[in-house]
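As structure tokens, the structure follows; a few thoughts come after it.
Both ligands and their constituent atoms are indexed starting at 1 by order of listing.
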Amino acid sequence: MSSEEISNNRKMARQNGIVQPLLTDLYQITMAYAYWKSGKVDDVAVFDLFFRTNPFHGEFTIFAGLEECLKFLENFHYSDSDIEYLRQTLPDNIEPEFFAYLKDLTCRDVKLSAIEEGSVVFPRVPLLRVEGPLIITQLLETTLLTLVNFASLMATNAARYRMVAGKNVSLLEFGLRRAQGPDGGLSASKYAYIGGFDGTSNVLAGKMFDIPVKGTHAHSFVTSFSSLADAGCGRLPHATTRAPRDLPALAAAWRRRVSAVIDISTDEASDGELAALISYAIAFPTGFLALVDTYDVKRSGLLNFCAVALALNDCGYRAVGIRIDSGDLAYLSVLARETFEQVGQAFDLPWFNTLTIVASNDINEETILSLNEQGHKIDCFGIGTHLVTCQRQPALGCVYKLVEINGQPRIKLSQDVGKVTIPGHKEAYRLFGADGHALIDLLQRSSETPPQVGQKVLCRHPFQESKRAYVIPSKVESLFRVCWKDGKIQVPLKPLSEVRQRVQESLRTLRQDIKRNLNPTPYKVAVSDDLYSFIHDLWLQNAPIGELS
Ligand SMILES: Nc1ncnc2c1ncn2[C@@H]1O[C@H](COP(=O)(O)OP(=O)(O)OP(=O)(O)O)[C@@H](O)[C@H]1O
Ligand SMILES: O=P(O)(O)OC[C@H]1O[C@H](OP(=O)(O)OP(=O)(O)O)[C@H](O)[C@@H]1O
Ligand SMILES: O=C(O)c1cccnc1
Ligand SMILES: [Mg+2]
């Protein structure tokens with residue numbers, strides 16, 4: 001297969017195979033039947049998909065999952081076996097014509113407008129606006145939610161890790177073993193990359209989504225070696241001359257010399273660990289990155305690593321670095337860097353100072369913040385559990401609400417004002433201030449004139465009458481783009497690396513106080529004066545007047 005074919009195959013494979021019309025809640029299909037029975041086949045609806053609160057005590061969210069939604073719409077159809085399953089599962093009284101209707105159902109008549117994937121987004125601003133026949137738009141609810149909720153949560157989580165780690169540190173996602181099942185793991189790898197991680201240990205995610213795959217080795221590799229004899233014949237051809245070199249002998253000799261430089265006795269260092277590192281170096285002479293905490297970082301791991309790195313150097317190769325997976329990561333990383341500097345100086349190898357230090361072990365945002373405060377020398381974090389399970393907040397609460405039916409607005413009332421939906425077919429705009437930062441997101445009725453650069457706009461809090469402000473935007477961005485119409489995807493599907501860049505560009509438009517970790521400032525989301533009156537008139541029309549007795 002040519003590299004072009006492989007690359008095309010990868011693009012084709014980008015849809016998650018589990019995503020199909022039956023990946024939904026039963027009630028969507030039962031509602032579809034009831035709509036169908038009551039003659040609503042030609043009714044047209046508008047649904048908004050949005051969330052109400054930003055995750056992780058933050059004040060921003062990254063929108064992700066759009067590409068999967070579009071592929072879902074593109075491929076939407078019930079197979080014969082789906083229809084057969086529904087026939088067996090739904091009650092006997094379902095008319096056979098309904099199954100014939102389902103069999104021919106596609107998303108041809110659906111129109112989907114969305115915010116660009118990878119953008120920062122805020123509560124109540126629709127991420128998706130779905131228009132079309134009521135039955136099909138209703139049937140899409142659960143699947144669209146499942147495609148957007150975890151994707152956006154993960155991308156946001158990853159972006160937050162990227163923000164605390166800073167741009168000069170690499171971030172690797174190591175979470176597959178701890179993820180919420182196979183698809184949780186696969187989606188986590190994909191959206192961690194979009195959110196700003198540099199690579200994943202998940203090989204299938206690498207193949208499917210073209211994400212760089214990276215990794216080191218496990219403790220079991222080290223503990224499986226008991227003595228130097230386990231290193232086998234230990235021959236490594238020199239990188240340029242190809243003359244075979246005895247790596248175990250070289251490493252043993254170097255270990256004695258390094259031991260004198262860093263003042264650690266060779267008696268305390270593990271021979272099994274040395275054998276393991278030699279074997280790994282022979283297998284991967286250009287990618288030697290060794291786990292050094294199996295026995296004792298200070299008394300064994302660093303000494304053995306330096307010995308093998310220097311032996312590799314004799315063979316014309318440069319070691320890559322180490323991973324530390326336990327203990328005080330700030331202290332141990334500083335110790336490792338000092339050791340590399342000492343050894344580099346002693347043997348006149350300046351590149352030793354820049355060996356990579358990877359840290360892992362239950363790392364989360366707080367750990368990174370704390371390590372930053374303490375001072376550390378870590379170049380790369382390997383992060384699993386907290387990242388992929390989004391332990392700090394395991395779900396984003398996107399909802400899918402009907403806002404218009406047959407041209408008539410719909411409102412969902414609630415005792416909790418924050419849960420009242422914003423009715424009608426709307427547009428969303430992002431208004432930018434003079435310094436180039438995003439100031440406010442504004443929702444308007446679609447019939448209104450869009451806000452104009454340099455012209456004063458009244459922006460109102462959707463539910464608190466006294467909260468309003470005038471804004472004179474220096475730039476206006478219309479947030480919705482038509483992404484699916486006439487049975488076709490209407491926007492180019494970008495490689496993940498471009499969506500990943502979009503995340504960082506979009507985050508740069510936010511003021512720092514909105515992004516800070518502790519008590520961030522909320523970003524404002526407003527409605528136009530027209531939309532404000534429209535919401536409140538409809539609210540009064542729909543709220544029953546009680547009677548006191
Ligand atoms: N300098 C540090 N400051 C703050 N947190 C740290 C620091 N160093 C390590 N940690 C975190 O402290 C926790 C240490 O966990 P734990 O005590 O279970 O590990 P350990 O005993 O070092 O390793 P293991 O049990 O795997 O041998 C981890 O979550 C780690 O990320
Ligand atoms: O800690 P996480 O952020 O989830 O990152 C992934 C972890 O998975 C690996 O080992 P594993 O945890 O399986 O074994 P260990 O704890 O004994 O090292 C690795 O060594 C990390 O510790
Ligand atoms: O490659 C690694 O170092 C790795 C991969 C998965 C989990 N923990 C570590
Ligand atoms: Mg662990």
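With a heavy-atom cut-off of 4.0 Å, H386 does not touch ligand 2 at all. Both the backbone and the side chain of S326 come within 4.0 Å of ligand 1, judged by heavy-atom distances. If you look at D325 next to ligand 2, the close heavy atoms, those under 4.0 Å, all belong to the side chain. When heavy-atom distances to ligand 1 are checked against a 4.0 Å cut-off, H376 has no atom that comes that close, whether in backbone or side chain. When non-hydrogen atoms are compared, ligand 2 lies under 4.0 Å from neither the backbone nor the side chain of H217. Neither the backbone nor the side chain of N364 has a heavy atom within less than 4.0 Å of ligand 1.
Of all atoms in ligand 1, listed by their number and element, those nearer than 4.0 Å to a heavy atom of G327 are 8 (N), 9 (C), 20 (P), 22 (O). Near D362, meaning under 4.0 Å from any of its heavy atoms, are these atoms of ligand 1: 28 (C), 29 (O), 31 (O). Residue S370 has at least one heavy-atom neighbour below 4.0 Å for each of these atoms of ligand 1: 3 (N), 4 (C). Atom numbering of ligand 1 starts at 1 in the shown order; those under 4.0 Å from a heavy atom of Q374 are 1 (N), 2 (C), 3 (N), 4 (C). Here is the list of ligand 1 atoms found below 4.0 Å of a heavy atom in D328: 1 (N), 2 (C), 8 (N). When each atom of ligand 1 is checked for a heavy atom of A330 under 4.0 Å away, the hits are 1 (N).
Although no hydrogens or angles enter the test, the distance criterion places no donor-acceptor pair under 3.5 Å between the side chain of D293 and the main chain of I324. Proximity of a side-chain donor or acceptor of S333 to a complementary backbone N or O of K377 within less than 3.5 Å is detected. A donor-acceptor contact shorter than 3.5 Å is absent between the side chain of S201 and the backbone of K214. Remark: the backbone N or O of D314 is paired with a side-chain donor or acceptor of R245 at under 3.5 angstrom. Using a distance-only test at 3.5 Å, with no hydrogens or angles considered, a donor-acceptor pair links the side chain of D379 to the main chain of I357. Although no hydrogens or angles enter the test, the distance criterion places no donor-acceptor pair under 3.5 Å between the side chain of S226 and the main chain of G272. In this structure, D198 contributes its side chain and L172 its backbone to no donor-acceptor pair below 3.5 Å. For Y400 (side chain) and L128 (main-chain N/O), no donor-acceptor pair under 3.5 Å exists by modelled atom type. Side chain of T389 to backbone of T385: a donor-acceptor contact under 3.5 angstrom is found. With hydrogens and angles ignored, the 3.5 Å screen pairs a side-chain donor or acceptor of S119 with a backbone N or O of E116.
When only interatomic distances are considered, the shortest N/O to N/O separation between G382 and ligand 2 does not fall below 3.5 Å. Close N/O approach between R323 and ligand 2 is found [any backbone or side-chain N/O within under 3.5 Å]. Inclusion of L329 in the set of residues having an N or O under 3.5 Å from an N or O of ligand 1 is warranted. Residue T367 places no N or O, backbone or side chain, under 3.5 Å from any N or O of ligand 1.
Ion pairing between a basic and an acidic side chain is recognised when a charged N comes within 4.0 Å of a carboxylate O; E67 and K71 show such pairing.
Ring pair W254/F347 is perpendicular by interplanar angle, where above 60° counts as perpendicular and below 30° as parallel. Classified by interplanar angle (parallel below 30°, tilted 30° to 60°, perpendicular above 60°), the ring pair Y280/H217 is tilted.
Comparing T385, N361, T294 by heavy-atom distance to atom 16 (P) of ligand 1, the nearest is N361.
L250 approaches A311 most closely through the heavy-atom pair CB-CB, 3.7 Å.
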Note down each nitrogen or oxygen pair, ligand 3 side and protein side, whose separation is under 3.5 Å; give only atom names and the distance to 0.1 Å.
residue  : atom  : partner : partner atom : Å
ligand 3 : 1 (O) : T216    : N            : 2.8
ligand 3 : 3 (O) : T216    : N            : 3.3
ligand 3 : 3 (O) : T216    : OG1          : 2.4
ligand 3 : 3 (O) : R323    : NE           : 3.2
ligand 3 : 3 (O) : R323    : NH2          : 3.4

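Distance from atom 14 (O) of ligand 2 to its nearest protein heavy atom, with residue and atom name: R178 NH2, 4.3 Å.
Looking at L49, L144, L73 one by one, the single match for side chain to side chain contact (heavy atoms under 4.5 Å, CB included) with V130 turns out to be L144.
When distances from atom 25 (O) of ligand 1 to the protein are checked, no heavy atom turns up under 4.0 Å.
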